[in-house]
Every structure is written in structure tokens, then in C-alpha cells.
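Here the structure is laid out as C-alpha cells; the discussion comes afterwards.
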Amino acid sequence: MAPSGCVTDSIPPSTTLEVEEKDLRPFFVLHKASSRKKDRTPTAQAKLCMTNELSSSPESVKKLGGSMTEGCDLHLFQQLQIEAFDIVWEKIESTIKGVLRDLNANVFNNIQQWVLECFNTTKLLGQHTIAEATRSFPVLNNTTPGQLFTAFIVTRNIEFVDDMLTFEELGHFLKSHGCHVAKLSSLEFSLKNGIAGCLKALLREFVGCVIDSADISILASWYREHVNYNKPLVLIINDLGRCSGSVLTDFILMLSEWIVKVPIIFIFGVATTVDTPRNILPSHALERLCPSSFMLGTPAERMDAIVEAVLVKHCTMFSIGHKVAVFLRNYFINQDGTITSFIRALKVACLLHFSMEPLSLIHGRALAEDQKEGKSAVSPETLLKYIDQLPLYARSQIADHHTKKSTAEGLSELVTMQKLWSTAVLCLYEAGKYSRVRLLDLFCEALSQDLYLSRGPDCHVGNERYCGLSSTNDSSQQYSIMQSGGYIGQIVRNVRDLPAGMLYQLIENWEKLTADISEIHEKLKVLQSSLRCEDGKSPRKSSKDNPKRYTSKISVNTDKDARMLNSQAIAFLNCLVGNFLKPIEGMPFHEILCFKNVEKLQLVLIGDPRRRIQVDLLEFHKILRCSCCSKNGNALLPSRHDSSIMYSLAQEHGDLINLHDWFQSFRSIVLQNKNKRKQNTKQSPQPKKRKAINGSADQNEASIQARFCKAVTELQITGLVRMPSKRRPDFAQRIAFGL
């Protein structure tokens with residue numbers, strides 16, 4: 001019996017807490033265990049007999065040891081799943097932060113230069129002595145303008161939750177460039193806190209300790225210290241629209257009087273337009289501000305950058321299917337373009353993938369080795385080694401060595417095809433920028449297996465007519481992609497009408513994108529060589545020719561060459577679509593790296609709580625798996641929870657439930673064990689005890705009625721039944737029907 005401690009010892013407490021925190025299942029109706037000693041005694045005796053039999057039988061001991069080993073392996077496998085998810089998501093999250101930081105880099109640099117210019121302008125007002133700095137009133141003179149330099153950063157977000165990370169990064173950026181930075185929430189500028197609360201929060205951010213007195217002279221004395229002096233003071237308020245106008249007005253007027261001692265520079269976050277301050281602040285407060293404005297990228301631009309880095313370029317091998325991509329796009333749009341909601345949904349999809357796919361552990365191990373050694377670990381030999389190192393529970397998904405080898409080779413080929421697919425999508429997106437096509441829309445269309453198959457077999461698998469980039473202008477060689485709908489067809493039609501200058505710039509961008517992908521770069525070289533040949537053809541001018549005739553000839557040749565170049569660019573795009581834009585769902589072994597269970601994701605994010613409650617009430621035995629209920633299935637037993645019994649009985653009624661019949665049915669089920677014990681008792685009670693028995697019977701009846709009322713109230717709270725009305729006081733109404 002030594003292996004019995006393996007299960008508990010193999011899982012540390014921290015791992016158990018992590019599993020509970022990441023458990024996304026809805027709540028379940030708890031099972032009410034029986035409290036009678038007579039019901040527990042046979043179970044205890046049966047366990048004792050079973051223990052004796054196992055200890056005396058070698059086969060039983062071997063069987064028990066195997067089951068415990070299997071349990072240990074299962075728990076180890078679950079722990080490795082969590083670790084693999086943590087590795088992959090940490091990489092995705094760091095990539096997203098890096099992308100957003102790069103998008104805001106230019107704006108942050110401009111803000112930092114503006115802060116330095118404002119600070120140098122403020123220093124021209126003159127320096128004050130120590131005596132002046134320590135006074136508890138501001139320094140006033142004729143040269144004091146009383147204006148605070150203010151930057152309004154237009155975030156163009158409806159929800160300020162996306163701006164929290166942006167302003168946090170801005171604060172770190174300004175601190176790294178030698179600024180004192182204080183970040184205050186819009187909640188600080190509320191009527192409840194008042195001007196005193198704002199000052200205390202300001203002192204807490206700058207001075208770094210909790211100060212009870214709301215005195216701005218403390219900040220002036222702190223800034224006069226040698227360590228803190230001669231550095232800009234920057235105050236960041238993330239959402240101007242949520243601030244109280246009266247409190248913010250008093251705050252601005254006060255700081256404008258102390259501008260010589262405390263040269264604070266304001267940075268306000270504005271959600272939509274720069275007209276927001278006029279709607280919040282009065283004119284005399286606006287006169288104390290010297291405004292400037294900066295614009296951040298739109299949510300759509302940030303979304304395209306995240307999709308490109310995470311899902312198209314594949315910072316990890318994790319990917320999603322077409323239906324999941326469409327659901328995430330609609331989820332992003334329905335959430336008012338909130339990046340945070342999209343990232344949360346993507347995290348849930350990644351977590352569900354690692355919890356549902358046993359072989360996804362290969363993904364986490366490959367990424368860990370990739371980060372450790374700094375090289376790609378996706379060769380068939382390396383992947384085969386990872387498969388051999390999987391726990392027994394995961395290795396059982398692969399039958400023999402031949403299957404392991406084919407799985408490793410298939411995964412390696414899948415990763416290679418993913419790179420080709422990514423490059424093809426990026427080339428299409430580069431061409432789609434001229435027609436303002438969003439990468440998220442193009443990404444969803446490129447993942448569609450139905451659209452890929454609808455293009456026909458002539459458009460797939462290395463057709464030389466397309467990949468040869470023929471320079472002829474024969475109308476019979478019009479490609480099917482030109483007539484196709486969707487974003488890809490729109491991109492190709494736009495390339496057909498591009499001017500020569502834009503086309504040359506597009507080809508240069510394609511060359512940068514395909515530099516590391518030889519299969520596509522070789523085909524692009526064919527297009528570039530044909531362009532150079534066309535550039536080398538220049539008509540020779542003869543002095544005997546008519547000048548007007550010569551000019552018209554050049555114009556005709558130029559138009560003809562331009563159409564030919566556009567046709568060759570379209571042929572290149574058609575080659576990409578036909579040969580390299582195969583969705584991942586059409587490739588072997590894609591289930592290991594691709595999550596495509598959109599129903600599961602939708603259930604977790606959006607959910608169907610009423611249906612979940614009904615399932616838990618009716619089929620609780622499938623989840624709890626207790627001994628008494630699992631044997632009897634859906635049979636109504638007294639040990640079930642009262643709400644579960646009541647809702648199961650409600651299924652026998654229609655729209656209206658007769659309360660009297662409902663109570664009698666509930667009472668008969670609750671009293672099943674008592675009736676059985678009464679039948680087994682042959683002797684009648686003595687006359688002296690009849691009075692006590694009648695009193696206990698009345699008490700049991702009242703207890704049953706109380707349990708009935710409580711269960712009905714619980715069903716009403718969960719939205720499954722409606723309480724009786726004055727019109728029909730004896731009937732309750734069912735609200736939810738079916739599953």
C-alpha cells in the first residue's frame with residue numbers, strides 16, 4: 001500500500017491553487033450527504049472487507065498499484081499542462097506588450113521632447129531662494145504667467161481599460177528619461193474626495209509616503225531638495241472625461257498659483273476629441289492651461305499589429321481555426337473595439353486548447369527549448385524526442401514508434417507550411433493597405449477552408465501557368481481569383497489598377513517580407529527580372545520620325561507595359577493564394593497546435609447560465625459521481641439536494657405547477673427512508689412514547705414545509721420558476737423549458 005501517498009505528495013499546494021484559479025467551469029449544485037450512522041456503517045464495513053481482500057490477494061495489490069500509478073501520472077500530466085500553458089501565454093503576452101510599446105514609441109518620444117521644452121520654458125521664470133521655497137504661500141511676481149503646460153492625448157478608445165496600460169508605459173518611459181511622474185486616476189477627482197483628497201494623492205505619488213495634511217507647500221519643499229530639483233514634474237490623469245469638473249477646476253487654479261515653486265506639467269487622457277476639456281472645465285480654468293495635443297493609434301491599428309505578431313507571424317506555434325477567428329473578431333467588435341477583451345478571449349482559447357489536447361505539451365516543451373537555446377526546435381528528430389518524454393497519459397494517444405515518427409514529421413512539416421502561409425498573408429496585407437483592408441478581416445478569410453476549396457483545383461498545387469508569371473496579356477489567362485469575392489479578390493483588383501510608382505514600392509516591400517522564405521522569394525525574383533527587362537526596353541528616337549507620332553507611340557507602349565506589369569503582379573498574388581494560402585485546418589496533425597472548438601469558447605466567454613443551472617440540477621450525478629446516485633441514475637433519492645428534487649419534479653408539469661401536488665411529491669420522496677424503517681419495525685411503540693412521537697412528527701412536517709419553501713425560493717432566484725400570483729395563488733409558473 002506504499003503507493004497510496006503518491007497522489008498527494010506529487011502535487012504541491014501551489015499547483016492545486018493554480019488549478020482552482022484557472023478552473024473555468026460553472027458552479028455545480030452540491031450534493032447533500034446522508035447523516036445517519038446506519039447508512040454509513042455498511043459502507044465502512046465494506047471498505048474494511050475490501051482492504052482485507054486486497055491485502056491478501058497479490059493480484060489485487062498489483063491492480064491497486066497500477067491504478068495509483070495511473071492516478072499519479074494523470075496528476076503529473078495536468079501539472080505539465082498548466083506549465084506548458086504558462087510558457088506559451090507568457091510569450092504571447094510579452095509579444096503583445098512589445099507590439100503596443102513599439103506602436104506608441106514615436107508618440108512617447110514626441111511627448112518627452114515636449115516635456116523638456118516646457119520645463120526649459122518654465123525655468124526661464126527664474127529660480128527662487130531657499131527662504132522663498134519654504135514659505136507656505138506661492139511666489140507671485142509680474143512675470144508669472146500662471147499657465148500650466150498641458151498635453152491632451154487622444155486615445156480614440158470608447159473604453160478606458162485599454163488606456164491603463166498605455167499610460168502606465170508612458171509613466172515608465174518618462175521616468176527612464178529623468179522625470180518625476182505621478183499617475184492619478186480619474187476617481188481621485190471626485191466630489192467625495194474633494195480638493196484635499198487630490199492633494200493627498202498627489203503628495204503620495206511624488207513624495208512616496210502617506211501624508212495626512214493636504215498642504216502643497218510640502219511638495220514645494222520636497223522639490224527644492226538637491227536630489228529632486230531640476231527635473232520635470234509630470235502629472236498623468238488617465239481619463240479626463242470621468243473627472244469632476246468643479247474639483248479639477250479648483251485643482252488647476254491652485255497649481256497655477258504655485259507654478260514657480262512646483263512646475264507641474266499636466267498630461268490628460270482624452271477618449272474621443274480635444275473638445276472634451278471645454279465640456280468639463282469653465283473658461284477661467286481653461287485660461288490657466290497652455291494646451292498641446294497628441295494622437296495615439298486607433299484600436300483597429302493596434303488590433304492589426306497584435307494579430308500580425310501573435311497569430312500571423314506566430315510568435316508561438318499556437319494558432320486558431322476559422323470559426324474561432326470569426327468569433328474573436330465579432331467579440332472584439334461587439335465589445336466596442338476593446339483590445340483587453342480580445343486578449344482575454346485569446347487567453348481563454350489558449351487555456352482551453354492546452355486543457356483539451358493531450359499532445360499540446362509538445363508545444364510548450366518546444367517553445368521552452370527554443371527560448372533556452374535560442375534556436376528553433378521543430379526538427380522531426382527534436383519533436384520525436386519531446387514525444388518520447390511525454391507522460392504516459394499523453395503517450396497513450398500515440399500507438400507505436402511508427403506513429404510517433406510520422407507525428408513528429410507531420411508536425412515539422414506543419415510548422416514549415418505555417419511560415420509559408422504567414423508570408424503569403426503578409427504579402428496580401430501589404431497590397432491591401434492601398435485599399436484599406438484590415439488584417440483581422442483578411443486573417444479570418446485566409447483561414448477559411450471552404451473558400452480555399454471553392455477556388456478550384458486549377459488554382460492549387462504548383463500550376464506553372466500561374467507561377468511562371470507569364471508576360472502575355474491574353475484574356476484567356478484571367479485568373480479565378482480576380483472574380484472571387486471577399487477581401488482577397490478586392491486586393492487583387494486593386495493591384496490591377498495600381499500606378500507604376502506604387503507597384504514598384506509594393507514589390508520592394510514584398511522583397512523585404514520574403515527575404516527569409518526561399519520558396520516565395522524565388523518566384524518574386526522572376527517578377528523582378530521581368531520588371532528590369534521591361535525597364536531596359538526604351539524606344540530609340542529617330543530624327544526623321546514625326547514628333548507627334550513618336551509621342552503617341554511612347555504613350556501606347558507605356559500603357560501597354562504598365563498593364564503587363566500589373567498582370568504579372570496579379571499572377572504572383574495568384575501563385576501565393578493557390579500554393580501557399582492553405583489553411584491550417586486542412587493540414588495533418590493540426591489539432592495539436594490549432595484550437596477550433598468555438599462552442600466551448602463561446603460557452604466560457606458568453607455563457608448560458610440558465611441552461612447550465614438546468615443541466616446541473618437534472619444531471620448532477622454525472623458530475624459528483626457519488627455511489628448512491630450513480631447506481632440509480634436519474635432516480636429521485638432523499639439524499640439529493642432539495643432544489644434538484646424540486647426541479648426534477650417540475651418536469652412532470654406543464655406551464656403551471658400545482659403547489660399542493662408539488663409539495664406532496666416532494667414530501668413522499670423525502671420520507672422514503674422513514675417509511676421503509678417503519679415497515680421494518682414490527683413492534684408498535686409503547687403508549688408512554690406516543691406523545692413524544694407525535695410531537696416529533698409535527699416537527700418533521702414543519703421541517704419538510706420549510707425545506708420546500710426554501711427550494712422554491714432558490715428556483716425563483718435562479719430564474720426557473722415564477723412565484724404564485726394573486727390571481728392564481730395555488731400555482732407556480734415554469735419559465736425555462738428544455739435544454
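- Atom NZ of K347 sits about 10.5 Å away from atom CD1 of I96, to the nearest 0.5 Å.
- Contact between M317 and V415 at its shortest, heavy atoms only, is SD-CG2, 3.4 Å.
- Within a 6.0 Å radius of CD in Q449, more than 12 heavy atoms belonging to other residues, nucleotides or ligands are found.
- Heavy-atom minimum distance, W421 versus L447: CZ2-CD2, 3.7 Å.
- Rounding to the nearest 0.5 Å gives a distance of 8.0 Å between CG of L346 and CD1 of I343.
- The closest side-chain heavy-atom distance from W114 to I265 is below 4.5 Å.
- Between Y331 and S341, some side-chain heavy-atom pair lies under the 4.5 Å cut-off.
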Task: Trace of the side chain to side chain contact (heavy atoms under 4.5 Å, CB included) decision for F580 with K523 - done: CA-CA 12 Å; F580 305 110; K523 302 183 184 305; 3.9 Å; yes
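- Salt bridge E308/K313: present, at least one basic N to carboxylate O contact under 4.0 Å.
- Closest non-hydrogen pair, L103 versus A305, comes out as CD1-CB, 3.7 Å.
- Side-chain N or O atoms of R156 include one that pairs as donor or acceptor with a backbone N or O of L296 at under 3.5 Å.
- For the atom pair CZ (F595) and NZ (K600), the distance works out to 9.0 Å, reported to the nearest 0.5 Å.
- You'll find the side chain of V324 reaches within 4.5 Å of the side chain of L601, heavy atoms only.
- Checking side-chain atoms of E585 against main-chain N and O of H322 turns up a donor-acceptor pair under 3.5 Å.
- Using a distance-only test at 3.5 Å, with no hydrogens or angles considered, a donor-acceptor pair links the side chain of T155 to the main chain of V270.
- Note that CG of N494 is 14.0 Å distant from NZ of K433, once rounded to the nearest 0.5 Å.
- Surrounding CE of M502 are at most 12 heavy atoms belonging to other residues, nucleotides or ligands under 6.0 Å away.
- Remark: side-chain polar atoms of E301 are paired, donor with acceptor, to backbone N or O of T298 under 3.5 angstrom.
- Side-chain contact between L420 and N579: absent, with no pair of heavy atoms (C-beta onward) separated by less than 4.5 Å.
- Residues F268 and T150 share a closest heavy-atom pair of CD1-CG2, 3.4 Å.
- A donor-acceptor pair is defined here as one N or O able to donate and one able to accept, closer than 3.5 Å; no such pair exists between the side chain of N574 and the backbone of I570.
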Open item on the list: Run the side chain to side chain contact (heavy atoms under 4.5 Å, CB included) test on M303 and V307 for me, step by step, so that the C-alpha distance in whole Å, both residues' side-chain angles and the decisive distance to 0.1 Å come before the verdict.
Closed with: CA-CA 6 Å; M303 173 57 64; V307 171; 3.8 Å; yes
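- A donor-acceptor pair under 3.5 Å links the side-chain atoms of D304 to the main chain of L439, judged by distance alone.
- Panel note: side chain H177, backbone L174; no donor-acceptor pair is recorded below 3.5 Å.
- In this structure the side chain of C427 reaches within 4.5 angstrom of the side chain of T514, judged on heavy atoms.
- The existence of a salt bridge linking R242 and D239 is confirmed by a sub-4.0 Å separation between a basic side-chain nitrogen and an acidic carboxylate oxygen.
- S422 places a side-chain N or O within 3.5 Å of a backbone atom of V312 that can act as its donor or acceptor partner.
- Remark: the backbone N or O of E409 is not paired with any side-chain donor or acceptor of S412 at under 3.5 angstrom.
- Counting heavy atoms from C-beta outward, I491 and L442 have side chains that approach closer than 4.5 Å.
- Listed by chain and residue number, K525 satisfy the side chain to side chain contact (heavy atoms under 4.5 Å, CB included) test with E522 (two or more places apart in sequence, or in another chain).
- Shown here for Q490 and S435, the closest heavy-atom pair between the two residues is NE2-O, 3.8 Å.
- Between atom OG of residue S186 and atom CG of residue L240 there is a gap of 9.5 Å, rounded to the nearest 0.5 Å.
- Taking the six-membered ring for Trp and thresholds of 30 and 60 degrees, F173 and F108 have ring planes inclined between 30 and 60 degrees apart.
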Open item on the list: If you apply the rule side chain to side chain contact (heavy atoms under 4.5 Å, CB included), what do you find for H314 with K419, and how did you get there?
Closed with: CA-CA 8 Å; H314 293 105; K419 293 180 180 179; over 6 Å; no
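- Checking side-chain atoms of Q81 against main-chain N and O of F354 turns up a donor-acceptor pair under 3.5 Å.
- Crowding of D516 atom CG: a count of heavy atoms from other residues, nucleotides or ligands under 6.0 Å not exceeding 12.
- The residue from W89, F318, F85 that alone fulfils the ring pair (Phe, Tyr, Trp, His ring centres under 6.0 Å) condition with H353 is F318.
- In this structure, M164 places its CE atom where only 12 or fewer heavy-atom neighbours from other residues, nucleotides or ligands lie under 6.0 Å away.
- In this structure, F572 has its ring center under 6.0 Å from that of W510.
- Here the side chains of L170 and N104 are not in contact, with every heavy-atom distance at 4.5 Å or above.
- Counting heavy atoms from C-beta on, the side chains of L165 and I339 never come closer than 4.5 Å.
- Going from atom NZ of K97 over to atom CD1 of I306 covers 12.0 Å, rounded to the nearest 0.5 Å.
- Closest of all the heavy-atom pairs between G410 and F589 is CA-CD1, 3.6 Å.
- A salt bridge (Lys or Arg N to Asp or Glu O under 4.0 Å) with E169 is found for one member of K175, R101, K183 and no other, namely R101.
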TODO: Any chance you could lay out the side chain to side chain contact (heavy atoms under 4.5 Å, CB included) test for L573 and V495, step after step, and finish with the verdict?
DONE: CA-CA 9 Å; L573 288 178; V495 171; 3.8 Å; yes
